[in-house]
Amino acid sequence: MRLTVLGSAGSFPGPESPCSAYLVEADGFRLLVDFGSGSLSSLQRYAGLHAPDAILLTHLHCDHMFDAVLYVVVRRYAPDGPFPALPVYAPSGAPDRLSAAYGDESSVEDVYQFYALQPGTFPIGPFAVTVDRVNHPVETYGVRLEHGGRSLCYSSDTAPCEALLRLAQNADVFLCEASYLDGMDNPPDLHLTGREAGEAATKAEVGRLLLTHLVPAWGSEAHTLESAATAYTGPIDVVRPGASYDV
């Protein structure tokens with residue numbers, strides 16, 4: 001598998017990054033995991049406008065799904081379109097949410113073929129995909145992708161929880177959010193700190209920790225990285241758009 005980061009900013013686009021979007025490739029198949037605000041630009045820069053073969057939306061907060069609304073125009077109105085409906089795996093409210101955001105009182109189900117997520121394992125292209133509900137205020141799924149004996153876990157947005165540890169267990173690569181700064185009075189049951197991401201990586205015995213979803217406007221990359229390293233002794237990176245990792 002190959003992971004390419006299209007966007008990694010938390011909550012809203014930063015000056016150097018769109019919001020969450022990650023392209024995972026294997027056997028010529030490209031799965032786009034999340035499609036946050038601004039990431040349509042990065043998709044064109046680092047992969048191609050029509051690169052995705054399927055989309056998985058972990059939850060319906062705008063910083064994880066809003067460019068799926070803009071992508072309707074790409075697939076419906078292209079000069080060589082319209083294109084066949086693209087598979088989208090998402091929480092059950094996705095068809096109504098995307099249609100409402102598009103705003104013309106029409107369904108987007110000519111553009112997307114929706115499959116409602118629920119905890120369990122299922123195939124998408126060559127990937128064995130496992131999802132489970134994690135600790136976030138709306139219906140949100142952490143994701144584990146497996147292919148060719150290798151595994152990638154993506155936390156999505158979550159506070160500490162057992163489901164995250166199950167998904168990440170022995171993963172070769174753990175792409176984990178670290179939105180909050182340690183030492184601050186952070187709201188409960190919403191996001192992780194760098195230290196908490198490191199603790200989850202250690203408990204799950206992962207091979208590599210990739211930190212994402214930092215909030216540039218009021219965060220500190222150096223603080224987050226240092227905090228994660230106090231709890232996890234393996235290799236750690238803070239991801240950036242355009243970065244690619246072999247899993």
Exercise. Any chance you could lay out the side-chain contact (heavy atoms from CB on, under 4.5 Å) test for Val88 and Gln113, step after step, and finish with the verdict?
Key: CA-CA 6 Å; Val88 174; Gln113 183 175 3; over 6 Å; no

inquiry  = Would a single hydrophobic cluster contain both Leu56 and Leu86, if residues Ile, Leu, Val, Met, Phe, Trp and Tyr are joined by side-chain heavy-atom contacts under 4.5 Å?
reply    = no

Worksheet item: Got a sec: does the CD of Gln44 have more than 12 other heavy atoms crowding it under 6.0 Å?
Response: yes

Sorted by chain and residue number, the side chain to side chain contact (heavy atoms under 4.5 Å, CB included) partners of Val215 (sequence neighbours excluded) come out as Ser11, Phe12, Trp218

**Message:** Same cluster or not: Tyr46 versus Ile55, using hydrophobic residues (I, L, V, M, F, W, Y) connected whenever any side-chain heavy atoms lie under 4.5 Å apart?
**Reply:** yes

Closest non-hydrogen atoms of Asp189 and Pro137, given as atom of the first, atom of the second and distance, are O-CD, 3.9 Å

Smallest heavy-atom separation, Thr202 atom then Tyr232 atom, equals OG1-CA, 3.3 Å

Does Glu205 come within less than 4.0 Å of Lys203, counting only side-chain N to carboxylate O? no

Across all chains, not counting sequence neighbours, the ring-ring contact (aromatic ring centres under 6.0 Å, His included) partners of Phe29 are none

pair Glu25-Pro126: side-chain heavy atoms closer than 4.5 Å | no

When every non-hydrogen atom of Thr158 is compared with those of Leu192, the smallest separation belongs to O-CG, 3.1 Å

Closest heavy-atom pair, Ser42 versus Leu6, reported as atoms and distance to 0.1 Å, is OG-O, 2.9 Å

Practice prompt. Starting from the C-alpha separation in whole Å, work towards a yes-or-no answer on side-chain hydrogen bond (donor to acceptor under 3.5 Å, both in side chains) for Ser8 and Thr212.
Written response: CA-CA 5 Å; Ser8 59; Thr212 192; 4.6 Å; no

### Task
Decide if the gap between the ring center of His64 and the ring center of Phe35 is smaller than 6.0 angstrom.
no

query = Do any N or O atoms from the side chain of Asn186 and from the backbone of Leu181 form a donor-acceptor pair under 3.5 angstrom?
reply = yes

Could you tell me if Arg76 sits above the aromatic ring of Tyr102, with its cationic atom closer than 6.0 Å to the ring centre and no more than 45 degrees from the axis? yes

_Are Val239 and Leu23 linked, directly or through intermediate hydrophobic residues, by side-chain heavy-atom contacts shorter than 4.5 Å (ILVMFWY only)?_
no

Original post:
Under 3.5 Å, side chain of Thr140 to main-chain N/O of Val138, donor-acceptor pair present?
Top reply: yes

Is Arg75 paired with Asp110 through a side-chain N to carboxylate O contact shorter than 4.0 Å? no

- prompt: Can you get from Phe114 to Phe66 by hopping between Ile, Leu, Val, Met, Phe, Trp and Tyr side chains that sit under 4.5 Å apart?
  reply: yes

Worksheet item: Is it true that Ile124 and Leu32 fall in one hydrophobic cluster, defined by side-chain heavy atoms closer than 4.5 Å?
Response: no

**Prompt:** Is there a donor in the side chain of Tyr141 and an acceptor in the side chain of Glu139, or the other way round, less than 3.5 Å apart?
**Reply:** yes

Distance-only polar pair, side chains of Thr4 and Ser244, donor-acceptor under 3.5 Å: yes

With a 4.0 Å cut-off, would you call Arg2 and Asp246 a salt bridge? yes

| message | Check the orientation of His147 and Phe127. Use parallel for under 30°, tilted for 30 to 60°, and perpendicular for over 60°. | response | perpendicular

query: Does one side chain, of Asp34 or Thr58, offer a donor that lies under 3.5 Å from an acceptor on the other?
result: yes

TODO: Run the ring-centre check on Phe122 versus Tyr89 and record whether the distance is less than 6.0 Å.
DONE: yes

- Just wondering, are more than 12 heavy atoms of other shown residues or ligands nearer than 6.0 Å to CD in Gln169? yes

When every non-hydrogen atom of Ser17 is compared with those of Ala9, the smallest separation belongs to OG-N, 3.4 Å

In short, side-chain hydrogen bond (donor to acceptor under 3.5 Å, both in side chains) pairs touching residues 173-185 with sequence neighbours left out are Glu177-Ser179, Glu177-His191, Ser179-His191, Ser179-His213, Asp182-Thr193, Asp182-Arg195, Asp182-Ser227

* Could you please spell out the steps behind the side-chain contact (heavy atoms from CB on, under 4.5 Å) verdict for Val238 and Leu214? => CA-CA 9 Å; Val238 176; Leu214 282 65; 4.2 Å; yes

Check whether Ser39 reaches the backbone of Gly36 with its side chain - one donor and one acceptor, N or O, closer than 3.5 Å. yes

